[in-house]
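Here is the naming used below: chain letters follow the sequence lines, and residue numbers restart at 1 for every chain. Model, not experiment: these values are computed from the prediction.
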There are 2 protein chains.
Amino acid sequence: MSGLDSSRPLTARGAATRARIVEAAADLIYGHGVERTSLDDVMAAAGVSKSQLYHYFADKDALVLEVITLQTERAMGAQQPHLGALDSLPALRSWRDAIVRLNKVARIRGCPLGSLASELANDSEEARKRLAASFGMWSDSIERGLAAMRARGTLAPSADPHELAVAVLGAVQGGLLLAKTTRTNRPLELALDMAIDHVARHMTSPPEHPQQRPPPRSRKDR
Amino acid sequence: MSGLDSSRPLTARGAATRARIVEAAADLIYGHGVERTSLDDVMAAAGVSKSQLYHYFADKDALVLEVITLQTERAMGAQQPHLGALDSLPALRSWRDAIVRLNKVARIRGCPLGSLASELANDSEEARKRLAASFGMWSDSIERGLAAMRARGTLAPSADPHELAVAVLGAVQGGLLLAKTTRTNRPLELALDMAIDHVARHMTSPPEHPQQRPPPRSRKDR
DNA sequence: GACGATTTGGACTTGACGGTCCAGTTACGC
DNA sequence: GCGTAACTGGACCGTCAAGTCCAAATCGTC
């Protein structure tokens, strides 16, 4: 059988090689997409041979599924600590700024998960399910903050944290896609600001007017 | 020289063949993406030979650019008459319903333009530019309606129709992507409702409360 | 130190795929 | 009606790409 099953533990050396392969594949697929990324490209980037690829992965599809998992971890991780504490308007705004900054640092190439979903969702049921789960995790994180706000009474009882979270994530994905296509972060900013205004609208006390948004804070983060 | 340049007019027969090729390519690329759609697939679907492909198109990239143009026309056309008259809340809601319905009819496979943009924007500058122009046309249409509202005084003078339109289109694209990935139109509905609420928020008279949205109108359109 | 499991190297196979080229058929213009 | 341009057919080529397979090297365990 080729491609180790997950029941067999790897040695440290094997685990390191496997991780290097997945990371190399994730980077290449982010820039060019799954179909335009060959296994030879991945081998070259990871510094491994064909046997190693097939030692750790049954086939290219199996590798791609691991890339989805890694990109999900990366996406969730990159948005911390913001994503774990979206329980106020200032917190939502910090998160917004972090996303805008992250996309800029990534050279406005869009969302790794969004790109994977767009490319794979119609053709690979397994990939689609895993990506749906990834988006589910992401919107669940957003929802937890909103639920905390509602529990605290700062979000109206009539507001549905789940639905708000899904709409907010939609704005994120759409903003990232338009930003990627137009090569400017402005659509992402506008979509995120709309989403945050939308949440603000469901708060129990009148939120500050969007145009009176505080000036950008000086930042100490790199 | 292979692939006719646009200065040479085609005969009716040639134009029909060319259109058939582009349409077949558009349908296949919509379902599977550019890279997973081979020229042999397109030939089979269009009922043409390899020489015909290269008679009308210099190469696959040239065909793909024509697909972008066709999908743009299709997308704009499919949203009419709504897209040309988004100058009131009821009109925006009708447009929203049309988009939700269109995505359902398309079996929740997402936005053709969004999928093309996601796949091609990082690797093909020509495709990216053309797709950016397509999104620009789309948001311009939305913007025209909003500008009419502002000219009429129903949208606040402080509202920026351009920015609102870009944010709205972001919601559309993100909603379509999440819908495609989760195989349910709900994310699209939520994203669109958020976008329309966002516009409503900038109206000069208090808009009706979102939860008090009128029940769906009985429809005579097929 | 030996044995065996794990990791690694890379040649090779097979089929797909974009594109080229030669030639036949159709129909358009004069 | 004829000549020719446009359209069409399909064999063929070179390269790419996923995947297979044999074998060597490394290292972990006893």
Side-chain angles (χ1 to χ4, degrees), chain A residues 1-25 28-29 31-67 119-120 123-124 126-127, chain B residues 1-25 28-29 31-67 119-120 123-124 126-127:
Chain A
M1 170 197 66
S2 60
L4 294 171
D5 59 56
S6 57
S7 62
R8 160 84 74 73
L10 301 176
T11 65
R13 184 175 171 193
T17 302
R18 188 181 192 281
R20 210 164 68 247
I21 294 170
V22 181
E23 283 158 18
L28 288 164
I29 289 171
H32 307 290
V34 172
E35 286 297 305
R36 289 181 192 234
T37 298
S38 69
L39 293 178
D40 280 356
D41 293 335
V42 175
M43 282 159 52
V48 299
S49 70
K50 190 56 75 63
S51 287
Q52 285 175 280
L53 273 182
Y54 285 91
H55 178 72
Y56 295 107
F57 303 98
D59 51 23
K60 186 177 180 183
D61 285 346
L63 174 58
V64 167
L65 290 176
E66 287 301 312
V67 164
E119 185 177 1
L120 301 176
D123 272 348
S124 167
E126 190 153 9
Chain B
M1 172 196 66
S2 58
L4 294 169
D5 58 55
S6 58
S7 62
R8 161 85 77 69
L10 302 176
T11 65
R13 183 178 171 192
T17 303
R18 186 182 194 280
R20 209 163 70 247
I21 294 169
V22 181
E23 283 158 17
L28 287 165
I29 288 171
H32 307 290
V34 173
E35 288 297 307
R36 290 182 191 231
T37 298
S38 69
L39 294 178
D40 281 354
D41 293 335
V42 175
M43 283 161 49
V48 299
S49 71
K50 191 56 79 59
S51 287
Q52 286 174 279
L53 271 183
Y54 286 89
H55 178 73
Y56 295 109
F57 303 98
D59 53 23
K60 186 178 180 183
D61 285 346
L63 175 58
V64 167
L65 291 176
E66 286 301 313
V67 164
E119 185 177 358
L120 301 175
D123 272 349
S124 168
E126 191 154 7

N/O to N/O distances under 3.5 Å, protein versus nucleotides 26-30 of chain D:
unit_1	atom_1	unit_2	atom_2	d
D:dT26	O3'	A:R13	NH1	2.9

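- Here D:dC7 presents its P atom at 18 Å from CE of B:M43, a figure rounded to the nearest Å.
- Across every non-hydrogen atom of B:V64 and B:L120, the tightest pair is CG1-CD1, 3.7 Å.
- By the side chain to side chain donor-acceptor pair (under 3.5 Å) test, A:D40 pairs with no residue at all, sequence neighbours left out.
- Annotation: of the two residues near DNA chain D, B:V48 and A:T37, the 5′-most nearest-nucleotide partner is B:V48.
- Between A:R18 atom CZ and C:dT6 atom P there is a gap of 15 Å when expressed in whole angstrom units.
- The nearest whole Å value for the distance from the CG atom in B:D61 to the C1' atom in C:dG18 is 11 Å.
- A straight line from CG of B:D40 to C1' of D:dA11 spans 13 Å, rounded to a whole angstrom.
- Counting heavy atoms from C-beta outward, A:E126 and A:D61 have side chains that stay 4.5 Å or more apart.
- Note that CD of B:E119 and CD of B:E35 are 6.0 Å apart. Values are rounded to the nearest 0.5 Å.
- Residue pairs satisfying the salt bridge (Lys or Arg N to Asp or Glu O under 4.0 Å) criterion with at least one member in residues 13-22 of chain A, sequence neighbours excluded, are listed as follows: A:R18-A:E66.
- Between A:F57 atom CZ and C:dT8 atom C1' there is a gap of 15 Å when expressed in whole angstrom units.
- In the set D:dT8, D:dG19, C:dG18, D:dT8 carries the atom at the smallest distance from any side-chain atom of B:Y56.
- Residues passing the side chain to side chain donor-acceptor pair (under 3.5 Å) test with B:T11: none are found, sequence neighbours excluded.
- Ranking D:dA18, C:dG18, D:dA6 by closeness to the A:Y54 side chain, first place goes to D:dA18.
- Atom-to-atom, NE2 of A:H55 to P of D:dC22 comes out at 17 Å; the value is rounded to the nearest Å.
- Between B:I21 and B:V42 the shortest heavy-atom distance is O-CG1, 3.9 Å.
- A:D41 places its CG atom 7 Å from the P atom of D:dA17, with the value rounded to the nearest Å.
- Listed by chain and residue number, B:H32 satisfy the side chain to side chain donor-acceptor pair (under 3.5 Å) test with A:D123 (two or more places apart in sequence, or in another chain).
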Dump the pairs, protein N or O against N or O of nucleotides 10-14 of chain C, anything under 3.5 Å, distances to one decimal.
unit_1	atom_1	unit_2	atom_2	d
C:dG10	O6	A:S51	N	3.1
C:dG10	O6	A:S51	OG	2.0

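- The distance between atom NZ of B:K60 and atom P of C:dA16, rounded to the nearest whole Å, is 15 Å.
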Report task. In sequence, state the C-alpha distance, the side-chain angles, and the governing distance for B:D41 and B:R36, and then conclude on side-chain contact (heavy atoms from CB on, under 4.5 Å). Result -> CA-CA 9 Å; B:D41 293 335; B:R36 290 182 191 231; over 6 Å; no

